[in-house]
Structure formats: C-alpha cells, structure tokens
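Below, chain A is the first sequence line, B the second, and so on; all start at residue 1. When reading the values below, keep in mind they use all heavy atoms of this one structure, side chains included, and skip hydrogens, waters and symmetry mates.
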2 protein chains.
Amino acid sequence: MPLGLSEEELDLIDDMVAARRTVKRGSLLFRNGEKFTSLYAIRTGFFKTCVASEDGRDQVTGFQMAGEVVGLDGIVNDYHTCDAVALEDAEVCVMPFDRIEELSRAVNSLQRHVHKIMSREIVREHGVMLLLGSMRAEERLATFLLNLVQRLHARGFSQSELILRMTREEIGSFLGLKLETVSRTFSRFAEEGIVEVKQRHVRILNTDALKDIVNPKSGAGTA
Amino acid sequence: MPLGLSEEELDLIDDMVAARRTVKRGSLLFRNGEKFTSLYAIRTGFFKTCVASEDGRDQVTGFQMAGEVVGLDGIVNDYHTCDAVALEDAEVCVMPFDRIEELSRAVNSLQRHVHKIMSREIVREHGVMLLLGSMRAEERLATFLLNLVQRLHARGFSQSELILRMTREEIGSFLGLKLETVSRTFSRFAEEGIVEVKQRHVRILNTDALKDIVNPKSGAGTA
DNA sequence: CGTAATGTTGAGCGCATTCAAGCCGGGTGG
DNA sequence: CCACCCGGCTTGAATGCGCTCAACATTACG
C-alpha cells in the first residue's frame, strides 16, 4: 500500500499475509484483552480504534482506512489494549507478527518499513495530543475534516466531498467533545458557508477558511 | 535498563551505543526539524518532549526519566518532529538507528525489544488521549501524580514523595490545562488532605483518595 | 409503516479560562 | 549582608466555551 515497493518486496508482503478476513460493519477485528497475534492491513472498509477507562468512558483513538495498519498496540504486552471496530463492511490482511519479525530480519527494506509504520503512528498521536490539549471546538473539527479529506484524496477520492463513516458521538469522542458540540459546530460552519452538511454527507465549500480556522494567519480572510 | 537481559544482550547494547552525551538543564537533546540519526536512552536526568503547532502554541507530549527512550518520532521522515528538552542535567546513550536496525536483524531478542519500546509508546499515548479527551482537571492531575510516582517507585524512589522537575505551566501543557488550573487543583488536593505541596516538593498523603478521583468506585471513600 | 437510532437545536449551567494582583524563593550585585 | 529583581507560583473575580438536560426532527431499518 505505501509506494516504492519493488516486485520482490510485494512478494514478501504476500508471504506475510496468512489470510484475509472480512469484518462486518459493527463487529470487532480485535478487542481489548484479546491475545495479540497479528497486525492487520486494511484492504477495504473503515475502522475506529478505541480505548476504555475502567469506569466505562471510552475514547476513540483513531479512524483507519484502506492501506493503514491496526494492531500495533498489542505488541508490548502480547495483549490488545483497545478495540478495533469496523464502521463499514471491511476486509483486512492478517499478518502474523512472528512472520513479520522473521521476514523483516531478512529484508532490510521491510524492517525499515515496519519501523516507519510504528513511528508514523507515534507522530500521528502527537498531533492528536496537540489537538486535544490546546485547540477549541472549531479548530478541532476543522483539523479533523482537513485530515480526513486529505487522506481520502490520497486514495483517489474527492478533495471537497466526503461521507462520514462515523456518528457524531464517535467524532466527539475522538475530538474530546460532546456530540451536541460537534453537531453545533457543523451547523456553524454551514451557516458561514464553509461546508455543506447533510447528515453524514459533507461537502467542503471553502478549504481555505477551514485552514484559516486551524491556523489563523493575520492577513488571510475568507477568500 | 529493562529487566531480563542476558549477558550477551548487554554486550549488544554496548555495541549499539556510539557515545554518551550530557545535556545541560534547559538545553535540547534534539529539536523539531533536526535530522534524525539516533535514539537516545536516558541514563540520568529528566526530559520533556513537546510538539508545536504552526502558530506558536505548544504541547508537552511526555516526560521521560532514566531508562526510557526518546527520539522515536524521527524514524518516519528522517527528521525529528518534536523537541526534547532536559529539565535537569542529564546524560544519555546515543544509539545510531542504523546500528540498531543492523543488530536487531541479527538478534531476535533485540528486535523484539525495539518493537516493544515503540508499541509501549503508542499505548502510553492512548492513555494520554483518554486523559485529554475525557477527564476533568482533578482526574487529570491525580492520574499524572499517580503515574509519576509509580514510575519513580519502580526506580527505587519513594512511593509517596516526589520532586517535580517541571513547572506548573509544563504540567498544564501536558494535561491540557492552564497553569492556574494546575495550581488551584494542587491547592484543592492539599485542602482535602490528599497531598502536601510545597512548590515542587509533593508528598502524597492519601494514595487511595487519588485513585478514587481517577476511578470513582461507588462504595470507596476517603479511607 | 412503525420503531429505534441518530442528529439538530434551545436554554441554562458549571468548569476551566482569562485577566489581574500579590506572594514566595533564589540568585545577584551593590 | 541585605536589597533588589525576576521567574515561578498562588489566589481572586469575572467571563465564556462547551456541557447538560430536554424536546424535537430525521433517517435507517426491520
């Protein structure tokens, strides 16, 4: 899924994949407490991962789409510490971690690749921490939309139109907001002509305005 | 520093370490934008890592102490994306990442070890996301104190007494609070007899009460 | 077609923030 | 040695953003 792989490297990936697995919308790929065996590369579909505090509250830690890898949390303790839930019917490649380690000992580029995937996740989470720690509701939602649409665009989808696979509550959990706040903020964006929102269908009318909310530049206005 | 290493594995670690480096209090081990070459194992001292948004705000992403590793953020793009600042005079082992990859291809246990370190960081950040996304000020500070004292205790320090190496502002940045809120919350804990706070010196008088704030159990009270 | 899940909107409230003033402690230089 | 200064910390008062609670609208789905 990442670019720049030679043919032999693609063969390698085939070697890693023990099986394919389909996950129905609403069901779990793995759950908190489950034994860790494999990483999963998403082929199609859309997931959320979430952790739970002891007293029931839970926090969505990310949304994953085709080409992304889930399951890294399980490596430390041989048990998963979060749930991975399919938000639409999905198909994943099951890659047993033993096999990954074995092959990545033999193939430098694969080893490097695995390291980068883990580091990328760490850096992504830094960004989420910045969002949760210091942004206001509008900034959070704008950041979220820009990030989603950018990742979709990289997969050949529209730059300006997207369908949300998750509920307002799930967006809120991820962004550290209540669902009502998410809804209200969407409405405010719509009033200002920045987006068009019809339930889960979102059309971005003014990307610059969104960027300006995230990173207000003195001069820039609503071009 | 982690337990259960054989003699030969310890030799390996020696092989990885290119040099030691001392970092004076207040100065940077590495900074955002700097080329990535190495991971750093902290021998002594105390660090914070922080990321900055484009418009100046910054977010402390973690505090690291002896035995912990910093620099993982640099692997993805070959550049660091955060700053690592020494909060007291420190000494680190410089471990060139090329060397780490080379050796971990040869030694299974080292490879596994590297993977676990990265996965542990991912899981740690999940916990921080839960904190930032869903906890109130008191819960955040209580969680923070319990985590700090637990890590210190694992290093042979007191279970109930600690010296904060960071300012209220840095604590606040990490916890997604303003420094005044941190200060007020400390005072509230002190009023309630849960802790004794004198500037950076903190003595925990009632660990159970702290745990109860983090994870309120119906029956449990201020034993 | 009816029911439950999801989403929107309003009113009032509360927690954390903002702004501001004062305190404490440590280091420096007169 | 003491006065001063400055960064860090504490505390107070007022504000406001996001939350809570509640009613209603809309959509999905059996």
Identify whether NZ of Lys or CZ of Arg in A/Lys48 sits under 6.0 Å from the centre of the six-membered ring of A/Phe174 and within 45° of that ring's axis.
-> no
Once you round it to whole Å, what is the distance between P of D/dT10 and CD of B/Glu196?
-> 14 Å
Pair A/Glu125-B/His126, side-chain hydrogen bond (donor to acceptor under 3.5 Å, both in side chains): steps then yes or no | CA-CA 8 Å; A/Glu125 292 184 5; B/His126 284 175; 3.1 Å; yes
Between CG of B/Leu141 and P of C/dA16 the distance, given in whole Å, is 11 Å
Strictly by modelled atom types, are B/Glu161 and B/His201 linked by a side-chain donor-acceptor pair under 3.5 Å?
-> yes
Begin from the C-alpha positions of B/Glu91 and B/Arg43 and carry the test salt bridge (charged side-chain N to carboxylate O under 4.0 Å, His left out) through to its verdict.
-> CA-CA 5 Å; B/Glu91 190 185 10; B/Arg43 286 178 50 81; 3.7 Å; yes
Is the centre of the B/Phe36 ring less than 6.0 Å from the centre of the B/Phe97 ring?
-> yes
Using atom CZ of A/Arg25 as one end and atom C1' of D/dA28 as the other, report the distance to the nearest whole Å.
-> 9 Å
Please indicate whether B/Gln159 has more than 12 foreign heavy atoms, meaning atoms of other residues, nucleotides or ligands, lying under 6.0 Å from its CD.
-> no
Rounded off to whole Å, could you give me the CD-to-P distance for the B/Glu169 and C/dT18 pair?
-> 12 Å
In this structure, CG of A/Leu131 is separated from CG of A/Asn147 (nearest 0.5 Å) by 9.5 Å
Separation of C/dG7 atom C1' from A/Arg165 atom CZ, nearest Å, is 18 Å
Considering only heavy atoms, which members of residues 175-186 of chain B lie under 4.0 Å from some atom of DNA chain D?
-> B/Leu179, B/Glu180, B/Ser183, B/Arg184
Round to the nearest Å and state the distance from B/Ile163 atom CD1 to C/dG25 atom P.
-> 15 Å
Please report, rounded to the nearest Å, how far the P atom of C/dG7 is from the CE atom of A/Met166.
-> 11 Å
Indicate whether OP1 or OP2 belonging to C/dG7 is found under 4.0 Å from a side-chain N or O atom of A/Arg200.
-> yes
In residues 128-139 of chain B, what residues come within less than 4.0 Å of DNA chain C, judged by heavy atoms?
-> B/Arg136, B/Ala137
Heavy atoms of other groups near A/Lys198 NZ, more than 12 under 6.0 Å | no
Here the distance between atom P of D/dG7 and atom CG of B/Leu87, to the nearest Å, is 18 Å
Does the distance from a Lys or Arg side-chain N to an Asp or Glu carboxylate O, for B/Arg155 and B/Glu68, drop under 4.0 Å?
-> yes
